[in-house]
Number of protein chains: 2
Amino acid sequence: MTNLEPTDRAILRELAADGRCSFTDLAERVGLSVSAVHQRVRRLEQRGVVKGYAARLDGDEIGLPLTAFISLTPIDPAAPDDYPRRLEHLPQIEACYSVAGDASYVLRVRVASPTALEEVLRQIREAAHVSTRTTVVLSTPYEDRPPAV
Amino acid sequence: MTNLEPTDRAILRELAADGRCSFTDLAERVGLSVSAVHQRVRRLEQRGVVKGYAARLDGDEIGLPLTAFISLTPIDPAAPDDYPRRLEHLPQIEACYSVAGDASYVLRVRVASPTALEEVLRQIREAAHVSTRTTVVLSTPYEDRPPAV
DNA sequence: TATGAAAAGACTCCTCA
DNA sequence: TGAGGAGTCTTTTCATA
């Protein structure tokens with residue numbers, strides 16, 4: 001972590017809430033000239049503070065209405081821990097977290113149907129040689145809220 | 001869900017991977033004129049397929065290096081289910097999922113330190129009158145991968 | 001680091017197909 | 001729906017403080 005100035009924080013807040021905000025608007029909102037904001041954003045990107053920009057898509061609308069969390073527990077405790085790499089080819093997996101607790105990893109997956117979930121579970125068990133515990137998401141009151149920079 | 005044309009899918013893939021991509025680049029990548037792409041993106045936004053755009057920030061760099069999943073279980077089973085509303089004022093909560101399984105909800109929180117996690121757990125229990133079960137994230141091999149549109 | 005200016009490039013709207 | 005073009009606004013770079 002590198003310390004962030006208030007101006008940089010303000011820029012990050014705006015970009016987290018509206019990733020396509022123009023530099024002109026950004027400059028106005030944070031009270032700086034366009035070129036100064038431009039320079040700061042470039043630096044935040046280069047330092048890796050901003051990792052990228054993404055459109056947020058509606059799961060239902062894109063035909064992937066079913067989200068689930070899948071906890072992974074290794075079957076063979078002596079096996080090397082390369083689960084993320086073994087699973088990254090599965091596009092249904094949106095996120096992979098290494099966690100403290102009963103499980104070793106938690107995955108967040110997004111699929112079209114219960115059948116598709118069953119299939120991806122089969123693929124996960126096969127590719128990573130793990131046992132799984134699945135928590136199905138019924139609805140998402142909120143998601144992707146901007147972090148409190 | 002509304003059916004998506006291949007062209008719209010291609011546009012969504014590009015915008016999910018690079019939310020600040022210019023219309024000019026988009027047009028080139030999906031093989032359409034700038035104005036046609038522009039029109040399609042506008043429609044995808046209006047239909048709610050694209051819910052918005054966001055900068056992806058690095059948790060460590062913004063001073064919030066600790067992520068955790070918190071499962072919520074109501075203490076009083078007869079209490080009305082308004083937990084998301086009771087918790088939305090806490091900015092540390094990035095996502096709230098209603099789930100099937102042992103717990104009623106799963107939250108994803110991002111905080112500065114173990115002490116800050118302790119404090120947000122206290123606030124959650126107080127605001128929602130729930131018991132909590134916390135899974136601390138040790139590392140994040142990947143996150144926010146673009147969905148397989 | 002911040003600014004303003006200037007050139008290059010992108011957005012937006014329009015008309016026509 | 002898609003293409004092309006014209007005018008306006010943005011982005012990007014640079015010289016300067």
Side-chain angles (χ1 to χ4, degrees), chain A residues 1-64 144 146-149, chain B residues 1-65 112 144 146-149:
Chain A
M1 171 202 170
T2 340
N3 272 349
L4 285 177
E5 284 186 89
T7 307
D8 283 335
R9 287 183 191 278
I11 290 173
L12 294 173
R13 263 195 304 274
E14 295 298 333
L15 286 177
D18 176 9
R20 271 187 93 88
C21 180
S22 74
F23 286 102
T24 311
D25 284 356
L26 249 191
E28 221 170 90
R29 293 184 206 171
V30 306
L32 227 60
S33 70
V34 173
S35 43
V37 168
H38 188 261
Q39 210 168 44
R40 276 171 181 267
V41 171
R42 282 280 166 278
R43 232 173 316 116
L44 289 167
E45 288 170 356
Q46 283 177 355
R47 274 168 53 192
V49 183
V50 174
K51 291 191 292 183
Y53 302 89
R56 298 188 303 110
L57 308 182
D58 186 288
D60 291 347
E61 292 287 339
I62 61 177
L64 300 171
D144 296 325
V149 185
Chain B
M1 171 203 169
T2 340
N3 272 349
L4 286 177
E5 285 186 88
T7 307
D8 283 334
R9 287 183 189 278
I11 290 173
L12 294 173
R13 263 195 304 276
E14 295 298 332
L15 286 177
D18 176 8
R20 269 186 95 86
C21 179
S22 74
F23 287 105
T24 309
D25 283 356
L26 248 191
E28 219 169 273
R29 292 183 206 172
V30 306
L32 227 59
S33 71
V34 173
S35 48
V37 168
H38 189 261
Q39 206 169 44
R40 277 172 182 267
V41 172
R42 284 275 167 282
R43 268 212 331 276
L44 290 166
E45 288 171 355
Q46 283 176 356
R47 275 167 52 190
V49 183
V50 174
K51 293 191 290 182
Y53 301 90
R56 298 187 304 109
L57 308 183
D58 185 288
D60 292 345
E61 292 287 340
I62 61 176
L64 300 172
D144 297 325
V149 184

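Worth saying up front: this structure is predicted, and the values here are computed from it rather than measured.
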Side-chain heavy atoms of Arg40(B) within contact of Asp8(B), under 4.5 Å: yes
Just checking [X]: base, sugar-phosphate only, or nothing, at a heavy-atom cut-off of under 4.0 Å?
X: Ser22(A); result: sugar-phosphate
X: Ser33(B); result: base
X: Ala36(B); result: sugar-phosphate

base_contact_polar (dG4(D) base, Ser35(B) side chain, donor-acceptor, <3.5 Å): yes
Is there a side-chain contact between [X] and the phosphate of [N], meaning an N or O under 4.0 Å from OP1 or OP2?
X: His38(B); N: dT12(C); answer: yes
X: Arg42(A); N: dT13(D); answer: no
X: Arg40(A); N: dA2(C); answer: yes

Tell me whether the NZ or CZ atom of Arg29(A) lies within the 45° cone about the ring axis of Phe23(A) and under 6.0 Å from its centre. no
Quick one: [X] [atom1] to [N] [atom2], roughly how many Å, whole number?
X: Phe23(B); N: dT10(D); atom1: CZ; atom2: P; answer: 14 Å
X: Glu28(A); N: dA2(C); atom1: CD; atom2: P; answer: 17 Å
X: Tyr53(A); N: dT11(D); atom1: OH; atom2: P; answer: 11 Å
X: Leu26(A); N: dT11(D); atom1: CG; atom2: C1'; answer: 13 Å
X: Arg20(B); N: dT12(D); atom1: CZ; atom2: P; answer: 8 Å
X: Gln39(A); N: dA2(C); atom1: CD; atom2: C1'; answer: 8 Å
X: Leu4(B); N: dT1(D); atom1: CG; atom2: P; answer: 13 Å
X: Glu45(A); N: dT11(D); atom1: CD; atom2: P; answer: 12 Å

Matching residue for Ile11(B) among Leu4(B), Val49(B), Val30(B) - test: side chain to side chain contact (heavy atoms under 4.5 Å, CB included): Val30(B)
Looking at every heavy atom in both Leu64(A) and Ala148(B), which two are closest together, and how far apart are they? CD1-O, 4.0 Å
If you look at every heavy atom in Arg9(A) and Ile62(B), which pair is closest and at what distance? NH1-O, 4.2 Å
